[in-house]
Amino acid sequence: MSTKQSQRMRLLRFARNDNRKDIMTKKYNVAIVGATGMVGSEFIKVLAERKFPVREIRLLASGRSKGKMLKFCGKDHEVQELTKDSFKGIEIALFSAGGGISKEFAPVAVKAGAVVVDNSSAWRMDPEVPLVVPEVNPDAIKRHKGIIANPNCSTIQMVVVLKPIHDAARIKRVVVSTYQSTSGWGKEAVDQLWQEVKAAAKGEKLNKIKKVLPAQIAFNVIPHIDVFLPNKYTREEMKMVNETQKIMEDDSIKITATCVRVPVVISHAEALNIETEKKLTPEQATEILRKSPGVEVIDDVSKGKYPLPIDAAGKDPSYVGRIRADESVENGLNLWVVSDNLRKGAALNAVQIAELLI
Ligand SMILES: NC(=O)c1ccc[n+]([C@@H]2O[C@H](COP(=O)([O-])OP(=O)(O)OC[C@H]3O[C@@H](n4cnc5c(N)ncnc54)[C@H](OP(=O)(O)O)[C@@H]3O)[C@@H](O)[C@H]2O)c1
């Protein structure tokens with residue numbers, strides 16, 4: 001190599017390192033709307049754990065939480081009341097304060113120059129808004145116009161598993177039954193569960209305890225999540241149908257869901273029955289799922305090994321087990337899928353979207 005060539009190589013290397021340094025040192029002003037909630041608290045944890053490059057963190061909630069101190073990366077930060085002026089200088093806004101707040105404030109944040117990743121259902125089915133699960137449809141993010149929607153928790157953990165099976169064998173129909181934790185309905189639902197459990201342990205009556213869920217949840221299961229629609233499904237059930245088709249970009253996949261609340265604190269479980277066009281043996285499906293991003297197979301029934309909500313809590317993957325043939329149809333599979341609804345079902349998926357953005 002001539003002296004000139006080696007000088008050029010040195011310059012190129014320098015330029016490359018310099019660029020990398022710029023990327024590594026670029027930090028972002030991030031707002032969390034609903035920072036005091038179940039999902040908001042998880043946002044704070046996940047951003048820190050994944051070393052998201054945060055310059056400033058702005059924690060926003062209702063007036064009730066104004067002045068409350070929350071820790072981010074070991075430092076105390078004061079919660080501010082959400083107002084129309086909350087987004088000055090913010091580059092990424094993570095919303096998890098309910099649909100009404102997202103409808104009203106996401107456009108305000110976008111106008112102030114932020115990209116919004118929204119956890120509520122407010123924007124999910126808007127054709128202008130991408131609905132993204134990074135393992136499934138990362139390219140959809142390119143179409144965003146300021147708002148990117150995070151799907152429903154029970155949909156996210158399901159599509160991470162459906163996508164590789166669809167790619168291999170084309171899914172015709174899915175029948176899903178969910179077993180959803182109380183944290184999926186926010187902190188007040190978890191409070192209801194604990195109060196009922198404590199009262200029962202003391203031999204007290206449970207009917208005086210304030211209910212945010214439609215019925216007593218301790219020692220019970222409730223086949224009612226979100227409101228009933230004219231077709232007698234709940235809105236949660238129809239979210240699983242409509243959002244799955246949008247994320248998978250395939251309206252031909254037929255889906256029917258029954259969503260049930262169970263007295264578990266964290267992690268949703270789902271029994272999936274899948275009918276495919278091409279035959280997939282349970283062994284082939286297992287092999288495919290073992291290699292799929294965001295999925296972890298735990299399936300050894302001889303040793304009593306299958307995914308459990310209690311083990312999935314605090315972890316990232318969609319865990320799959322009980323993989324077996326549906327012997328009542330020609331090309332059918334049954335699976336059991338469990339994932340932490342506050343992480344992959346909400347905060348982790350949204351932070352992964354923010355990572356794609358930067
Ligand atoms: N939980 C899940 O598994 C899950 C999964 C996916 C998506 N989501 C969605 O995420 C959102 C939040 O759920 P969550 O479970 O975290 O609920 P949550 O525990 O009840 O928390 C609600 C949050 O919203 C804030 N908030 C309420 N009213 C407000 C207002 N007027 N102005 C500003 N902030 C307000 C609350 O602040 P205060 O503490 O001040 O009241 C709190 O920080 C919902 O849209 C939900 O559908 C939840």
Side-chain angles (χ1 to χ4, degrees), residues 31-46 58-70 77-87 93-106 108-109 116-124 131-133 147-159 178-194 210 212-213 225-227 234-236 239-240 243 259 261-262 264-270 309 312-314 338-353:
I32 300 179
V33 180
T36 50
M38 298 286 329
V39 176
S41 316
E42 209 61 33
F43 268 136
I44 294 173
K45 263 195 250 165
V46 172
R58 203 169 295 166
L59 305 178
L60 303 165
S62 78
R64 295 178 291 273
S65 304
K66 191 177 167 189
K68 197 172 165 185
M69 300 305 280
L70 294 177
H77 293 265
E78 192 174 332
V79 176
Q80 300 173 25
E81 182 176 358
L82 172 69
T83 69
K84 298 230 150 117
D85 299 322
S86 293
F87 300 99
L94 305 170
F95 271 67
S96 68
I101 296 291
S102 294
K103 263 270 177 265
E104 187 180 348
F105 286 92
V108 176
V116 169
V117 185
D118 181 36
N119 258 281
S120 80
S121 56
W123 301 97
R124 289 181 192 149
L131 183 63
V132 179
V133 177
I147 303 175
I148 300 162
N150 206 52
N152 179 41
C153 40
S154 37
T155 308
I156 297 178
Q157 69 180 67
M158 177 172 75
V159 293
T178 71
Y179 306 72
Q180 295 180 224
S181 70
T182 49
S183 62
W185 203 245
K187 57 189 174 193
E188 289 187 339
V190 177
D191 288 345
Q192 182 188 326
L193 172 60
W194 281 121
K210 183 186 157 207
V212 292
L213 295 168
I225 300 183
D226 212 328
V227 296
T234 60
R235 195 189 280 157
E236 182 83 354
K239 281 178 201 165
M240 293 195 79
E243 293 181 18
C259 292
R261 186 75 64 202
V262 298
V264 164
V265 179
I266 295 176
S267 299
H268 294 346
E270 297 174 352
V338 182
S339 190
D340 182 328
N341 53 294
L342 299 173
R343 284 181 81 88
K344 187 57 189 166
L348 171 65
N349 196 72
V351 172
Q352 286 174 315
I353 291 173

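One-based numbering, in listed order, for ligands and for the atoms of each. Computed from a predicted structure; not experimentally measured. For the numbers below, each heavy atom of this structure counts, side chains included, while hydrogens, waters and symmetry mates do not.
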task: Measure across V116 and F95 and return the closest heavy-atom pair with its distance rounded to 0.1 Å.
output: CG1-CD1, 3.6 Å
task: May I ask you to identify, for S121, whether its side chain, its backbone, both or neither come under 4.0 Å of ligand 1 on a heavy-atom basis?
output: neither
- prompt: Can you list the ligand 1 atoms lying under 4.0 Å from a non-hydrogen atom of C153?
  reply: 5 (C)
query: Closest heavy-atom contact between N119 and R124?
result: O-NH2, 2.8 Å
field: T178 vs H268 side-chain heavy atoms within contact, under 4.5 Å
entry: no
field: Donor + acceptor pair across side chains of Q180, N341 (<3.5 Å)
entry: no
field: Side-chain heavy atoms of Q192 within contact of T182, under 4.5 Å
entry: no
Atoms in ligand 1 flagged as close to L342, the criterion being non-hydrogen separation under 4.0 Å: 1 (N), 2 (C), 3 (O)
query: Does any N or O atom in G98 lie less than 3.5 angstrom from one in ligand 1, N or O only?
result: yes
message: Suppose we measure from atom 13 (O) of ligand 1 to each protein heavy atom; which comes out shortest, and what is that distance?
response: V39 CG2, 4.0 Å
- request: Decide whether the shortest distance between a heavy atom of R64 and an atom of ligand 1 is less than 4.0 Å.
  value: yes
- prompt: Got a sec, which pairs hit salt bridge (Lys or Arg N to Asp or Glu O under 4.0 Å) with one end in residues 93-104, sequence neighbours left out?
  reply: K84-E104
message: Are there over 12 heavy-atom neighbours, none belonging to E81, within less than 6.0 Å of that residue's CD?
response: yes
field: N341, portion touching ligand 1 at heavy-atom distance under 4.0 Å
entry: both
message: Under 3.5 Å between any N/O of S183 and any N/O of ligand 1: does that happen in this structure?
response: yes
- prompt: Just checking, any donor-acceptor pair under 3.5 angstrom between side chains of D118 and S120?
  reply: yes
query: Do any nitrogen or oxygen atoms of M38 lie less than 3.5 angstrom from nitrogen or oxygen atoms of ligand 1?
result: yes
query: Parallel, tilted or perpendicular: which describes the rings of F87 and F105, with under 30° parallel and over 60° perpendicular?
result: tilted
- prompt: Should you measure from each heavy atom of S120, which atoms of ligand 1 turn up under 4.0 Å away?
  reply: 45 (O)
task: Scan the protein's non-hydrogen atoms and note whether one is under 4.0 Å from atom 46 (C) of ligand 1.
output: no
- request: Run the numbers on T36 and K187 for side chain to side chain contact (heavy atoms under 4.5 Å, CB included), then give the verdict.
  value: CA-CA 9 Å; T36 50; K187 57 189 174 193; 3.9 Å; yes
- prompt: When you measure from atom 7 (C) of ligand 1 to every protein heavy atom, which one gives the shortest distance, and what is it?
  reply: N119 O, 3.4 Å
Euclidean distance, S62 OG relative to I101 CD1, rounded to 0.5 Å: 8.5 Å
message: Can you tell me which portion of I101 lies within the under-4.0 Å heavy-atom range of ligand 1? Options are side chain, backbone, both, or neither.
response: side chain
field: Sub-4.0 Å atoms of ligand 1 with respect to non-hydrogen atoms of S65
entry: 38 (P), 39 (O), 40 (O)
field: Heavy-atom nearest neighbour in the protein, as seen from atom 11 (C) of ligand 1, with distance rounded to 0.1 Å
entry: S96 C, 3.6 Å
field: Under 3.5 Å: N/O of S62 near N/O of ligand 1
entry: yes
message: Restricting to non-hydrogen atoms, name the atom on K239 and the atom on T155 that form the minimum distance, rounded to 0.1 Å.
response: O-OG1, 3.9 Å
query: Quick one: nearest non-hydrogen protein atom to atom 26 (N) of ligand 1, plus distance?
result: A97 CB, 3.9 Å
field: Which residue and heavy atom of the protein sit nearest atom 17 (O) of ligand 1, plus the separation
entry: G186 CA, 3.7 Å
- line: Taking only non-hydrogen atoms of G345 and a 4.0 Å limit, the atoms of ligand 1 in range are 5 (C), 6 (C)
message: I need the nearest protein heavy-atom contact for atom 37 (O) of ligand 1: residue, atom name and distance, please.
response: T36 OG1, 3.2 Å
- prompt: Quick one: does atom 3 (O) of ligand 1 have a protein heavy atom under 4.0 Å from it?
  reply: yes
Atoms of ligand 1 close to G34 [distance to a heavy atom under 4.0 angstrom, numbered from 1]: 23 (C), 24 (O), 25 (C), 43 (O)
- request: Please determine if A346 has a nitrogen or oxygen closer than 3.5 Å to a nitrogen or oxygen of ligand 1.
  value: no
field: Euclidean distance, W123 CH2 relative to N150 CG, rounded to 0.5 Å
entry: 15.5 Å
- request: Nearest 0.5 Å please: distance from the CG atom of L70 over to the CD1 atom of I44.
  value: 5.0 Å
- line: heavy-atom search around atom 21 (O) of ligand 1 in the protein gives G37 CA, 3.2 Å
